[in-house]
Amino acid sequence: MQVQNSAGYSPSENRIINGQQALTSQKEPLYIVDGVLFKSQQFAKINPNDIKDVKVIKDGNATALYGSKAVNGVILLSTKNEIYKNRTEKEITALLNKSALISSEDLNNEEYDSFVENAFESPNFTPLSTFSIDVDNASYTNIRRFINNGQKVPKDAVRVEEMVNFFKYNYTQPKNKDPFSITTELSDSPWNTKNQILKIGLQGKDIPTTDLPASNLVFLIDVSGSMSTANKLPLLKQSMKILVNELRSKDKVAIVVYASAAGLVLPPTAGDEKKTIIDAFENLSAGGSTAGGAGIELAYKIATENFIKNGNNRVIIATDGDFNVGLSSDADMETLIEQKRKTGVFLTCLGYGMGNYKDSKMETLADKGNGNYAYIDNIQEANRFLGKEFKGSMFAIAKDVKIQIEFNPKQVKAYRLIGYENRKLRPEDFKNDAIDAGELGSNHTVTALYEIIPVGTKSNYIGIEPDVLKYTKVKDNSVNFSDELATIKFRYKKPDGDKSIEMVHVIPSKAISLESATENFKFSAAVAWFGLKLRGSNLIVKKSSDEIAALAKQGLSNDPDGYKAEFIRLVTAEKLLN
């Protein structure tokens, strides 16, 4: 197939297709809809009800068909009635804006857990900071949805760590037997100039696809009445086609649905029987109430009956989170999913829709079920999470990953963890292997940021410090560790293991200027800054969108898919909403 313009020209480096200049750079894939080249912003607005088929073409096949512009692959989409074929730019814009009206639903029924942002703490009184890693990024795509729809972002929808971890950072691959490498960097805070930011980066080992274990996947699909709108079940069906494209003959797939009751619609089927699997998805329709608890029970039953030893055993829940029959409270769901975690089956939660979206339930399921959580706001995001990042999303290389950092009071007056409010652990939880923590996938990156007030710095964020208590005073010793900022420890288990392995890393007290910091540092700090602004944080001085965008632009070079450029656009768009 060749993409042509209305005059019949074939693709070239400077082509114009249906009157549209080919502005797509090599930093993202080509998006082609009904033979028309789309920009990424246009592609994201396509109504899922209009989609007939989605294909992803990669590597040599893509460049053979579409030339060097397709070096990052092609997403080929056709609509049911070739809606966009031979359309002008103006006509396409009008059609997309019309289809986007599905996004005007009432948001009053959406549910988000509230939390208070982390405060500054003194290492003299709270020497240890302990938390679970978080590879979820649902908060970022949900925020993107609000901004793209011209709506104010709810404060409690913003989880800063999920925003930061949406993006890939250029960390080095691990060089030893450990499943991830550790990178740290200390530089100036862009929002409080007297303070510093410590960045901690983990890079998961990239396992070649051929070396990945066989998968036993059970899809648990919500087909209740609340899933009938275009950005729910119709988008879900198209999303699943992308994931099915990644499956191999040694993989097995089953499909369980739930509405008023739960049922098995596809028994375990080999991954290369793609038509059979896709047809099963296509035949799904929405109606009834939501027996979420019964669906979870059945999905885990199928997964455990077909358990692959040393394999990738996973339940994938796709829903708007609106469980309203049977086990429905967050506490009940938490208890159920904690029980199911003991089966050794991992969990992926995919959130869809708006209007009655239950973010709080989705996050509870993922956090308590050895899982991860993504919000699919459009077919473009489905391709990112279920296609490009399939290995990282679906194959865990380490589980129960915990971080504990001890700050040196000779260097640090106070510190605070940015984000991770609902992932914090007690100090004693660090060595307790019974305590659940986050999972790391193949080639995944995880980034955590601490804001530090150096010793000798006056700060309005610290009240009058109490005297050191008689029985908790630490005796001075001959070693002052003056060249160390902190010591950081990591604990993790192998995917099929029960005993933790510990790693230790000393962070030197050596800060560099923000100007000299890496692009990873600058961009991650910019994303965190934007998240803190959206949350209305009282702990940041500067709140300029222009300054946030300017810092993000300094970290743009490692942007193969254009997501960082999109972030800068969102910062600018959010500014215009206020």
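Hydrogens, waters and symmetry mates are skipped; everything else that's a heavy atom, side chains included, is used.
- In this structure, R416 forms a cation-pi arrangement with F120, its terminal cationic atom sitting closer than 6.0 Å to the ring centre and no more than 45° off the ring axis.
- Side-chain contact, T79 with D50: no donor N or O sits under 3.5 Å from an acceptor N or O.
- Not less than 6.0 angstrom separates the ring centroid of Y140 from the ring centroid of Y375.
- A heavy-atom distance below 4.5 Å is found between the side chains of S442 and D206.
- Under 3.5 Å, the side chains of S239 and Y352 contain a donor-acceptor pair of N or O atoms.
- Residues S224 and D222 bring a donor and an acceptor atom of their side chains to less than 3.5 Å of each other.
- Rounded to the nearest 0.5 Å, atoms CE (M240) and CG (L284) are 10.5 Å apart.
- Residues T518 and E185 have side chains that bring a donor and an acceptor to within less than 3.5 angstrom of each other.
- The line from CG of N195 to CD1 of I452 is 9.0 Å long, rounded to the nearest 0.5 Å.
- When only modelled atom types and interatomic distance are considered, D156 and S114 share no side-chain donor-acceptor pair under 3.5 Å.
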Original post:
Given the rule in the ring-ring contact (aromatic ring centres under 6.0 Å, His included) test, do F38 and F43 qualify, once you have shown the distances and angles that lead to the verdict?
Top reply: CA-CA 6 Å; F38 267 43; F43 193 82; 7.1 Å; no
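- Judged by distance alone, the side chain of S393 and the main-chain N or O of F385 form a donor-acceptor pair under 3.5 Å.
- Considering K241, K58, K388 as possible partners of E246, the one that fulfils the salt bridge (charged side-chain N to carboxylate O under 4.0 Å, His left out) test is K58.
- In this structure, K55 NZ and I242 CD1 are separated by 13.5 Å, a value rounded to the nearest 0.5 Å.
- A salt bridge links R569 and E566; the closest N-O separation between the charged side-chain nitrogens and carboxylate oxygens is under 4.0 Å.
- With a 6.0 Å radius and a threshold of 12 heavy atoms from other residues, nucleotides or ligands, K543 has its NZ atom above the threshold.
- N170 and Q203 form no side-chain donor-acceptor contact under 3.5 Å, judged by distance and modelled atom types alone.
- Summarising the geometry, atom CD1 belonging to I46 is positioned 6.0 Å from atom CD1 belonging to I51; distances are rounded to the nearest 0.5 Å.
- Looking only at side-chain heavy atoms (C-beta outward), K69 and L30 come within less than 4.5 Å of each other.
- With sequence neighbours excluded, no residue forms a ring pair (Phe, Tyr, Trp, His ring centres under 6.0 Å) with F521.
- Rounding to the nearest 0.5 Å gives a distance of 5.5 Å between CG of L243 and CD1 of I316.
- Residues Y171 and T447 bring a donor and an acceptor atom of their side chains to less than 3.5 Å of each other.
- Under the 3.5 Å distance criterion, the side-chain polar atoms of N192 are matched with a main-chain donor or acceptor of L539.
- At a cut-off of 3.5 Å, with distance as the only test, no side-chain donor of N148 or R145 sits close to an acceptor on the other residue.
- Using a 4.5 Å heavy-atom threshold, the side chains of V153 and V158 count as touching.
- Contact of the L365 side chain with the L347 side chain is registered, since non-hydrogen atoms from C-beta on lie closer than 4.5 Å.
- In this structure, a donor-acceptor pair under 3.5 Å is present between the side chains of N118 and K424.
- Under a 4.0 Å N-O distance rule, the pair K533/E574 qualifies as a salt bridge.
- Inspection of the Y169 and T183 side chains reveals no N or O donor paired with an N or O acceptor under 3.5 Å.
- Side chains of S537 and E117 form a contact here, defined as non-hydrogen atoms less than 4.5 Å apart.
- For the residue pair S544 / D546, no side-chain donor-acceptor distance below 3.5 Å is found, with atom types taken as modelled.
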Subject >> Audit row: N422, F115, side-chain contact (heavy atoms from CB on, under 4.5 Å) steps and yes/no >> reply: CA-CA 8 Å; N422 57 8; F115 58 90; 5.6 Å; no
**OP:** Assess whether side-chain contact (heavy atoms from CB on, under 4.5 Å) is satisfied between L77 and Y84, documenting all intermediate values.
**Re:** CA-CA 11 Å; L77 186 148; Y84 302 102; over 6 Å; no
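- No donor-acceptor distance shorter than 3.5 angstrom exists from the side chain of K155 to the backbone of G536, with no hydrogens or angles considered.
- Of the N and O atoms on the side chains of Y112 and E110, at least one donor lies less than 3.5 Å from an acceptor on the other residue.
- In this structure, H444 contributes its side chain and G204 its backbone to no donor-acceptor pair below 3.5 Å.
- Side-chain N or O atoms of R423 include none that pairs as donor or acceptor with a backbone N or O of S132 at under 3.5 Å.
- For S181 (side chain) and T172 (main-chain N/O), a donor-acceptor pair under 3.5 Å exists by modelled atom type.
- Nearest heavy-atom pair across D559 and A565 is OD2-N, 3.2 Å.
- A donor-acceptor distance shorter than 3.5 angstrom exists from the side chain of D136 to the backbone of Y373, with no hydrogens or angles considered.
- How far CG of N165 is from CG of N372: 12.0 Å, rounded to the nearest 0.5 Å.
- For E451 and W191, the side-chain atoms include at least one donor-acceptor pair closer than 3.5 Å.
- Contact annotation: the side chain of I507 never approaches that of Y450 to less than 4.5 Å [non-hydrogen atoms, C-beta and beyond].
- The pair D34-R87 does not count as a salt bridge, with every side-chain nitrogen at least 4.0 angstrom from each carboxylate oxygen.
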**OP:** Walk me through it: do N47 and N231 pass the test side-chain contact (heavy atoms from CB on, under 4.5 Å)?
**Re:** CA-CA 7 Å; N47 187 335; N231 56 359; over 6 Å; no
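- Counting only N and O atoms by type, the side chains of E381 and T141 include no donor and acceptor under 3.5 Å apart.
- Between the side chain of E162 and the main chain of A138, a donor-acceptor pair closer than 3.5 Å is present.
- With respect to R159 and D134, no salt bridge is recorded, no charged nitrogen being found less than 4.0 Å from a carboxylate O.
- Ring geometry for F166 against Y563 counts as perpendicular: the plane angle is over 60°, on a 0 to 90° scale with 30° as the lower cut.
- S78 and D53 are not linked by any side-chain donor-acceptor pair at a separation below 3.5 angstrom, with hydrogens and angles left out of the test.
- Using a distance-only test at 3.5 Å, with no hydrogens or angles considered, a donor-acceptor pair links the side chain of W529 to the main chain of K542.
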Original post:
salt bridge (Lys or Arg N to Asp or Glu O under 4.0 Å) between D561 and R384: does it pass, once the steps are laid out?
Top reply: CA-CA 9 Å; D561 300 306; R384 184 193 73 85; over 6 Å; no
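- Cation-pi contact between K39 and Y31: absent, since separation from the ring centre below 6.0 Å together with deviation from the ring axis within 45° is not met.
- Taking the ring centroids of F407 and Y415, they lie under the 6.0 Å cut-off.
- Without hydrogens or angle criteria, T572 side chain to I568 main chain gives a donor-acceptor distance under 3.5 Å.
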Original post:
Does the pair S187 and K522 meet the rule for a side-chain contact (heavy atoms from CB on, under 4.5 Å), with working shown?
Top reply: CA-CA 9 Å; S187 187; K522 291 174 181 176; over 6 Å; no
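- Residues L233 and A286 approach most closely at CD2-N, 3.7 Å, considering heavy atoms.
- The side-chain heavy atoms of I403 and I133, taken from C-beta on, include a pair separated by under 4.5 Å.
- Taking the side chain as every heavy atom from C-beta outward, L350 and L386 approach each other to under 4.5 Å.
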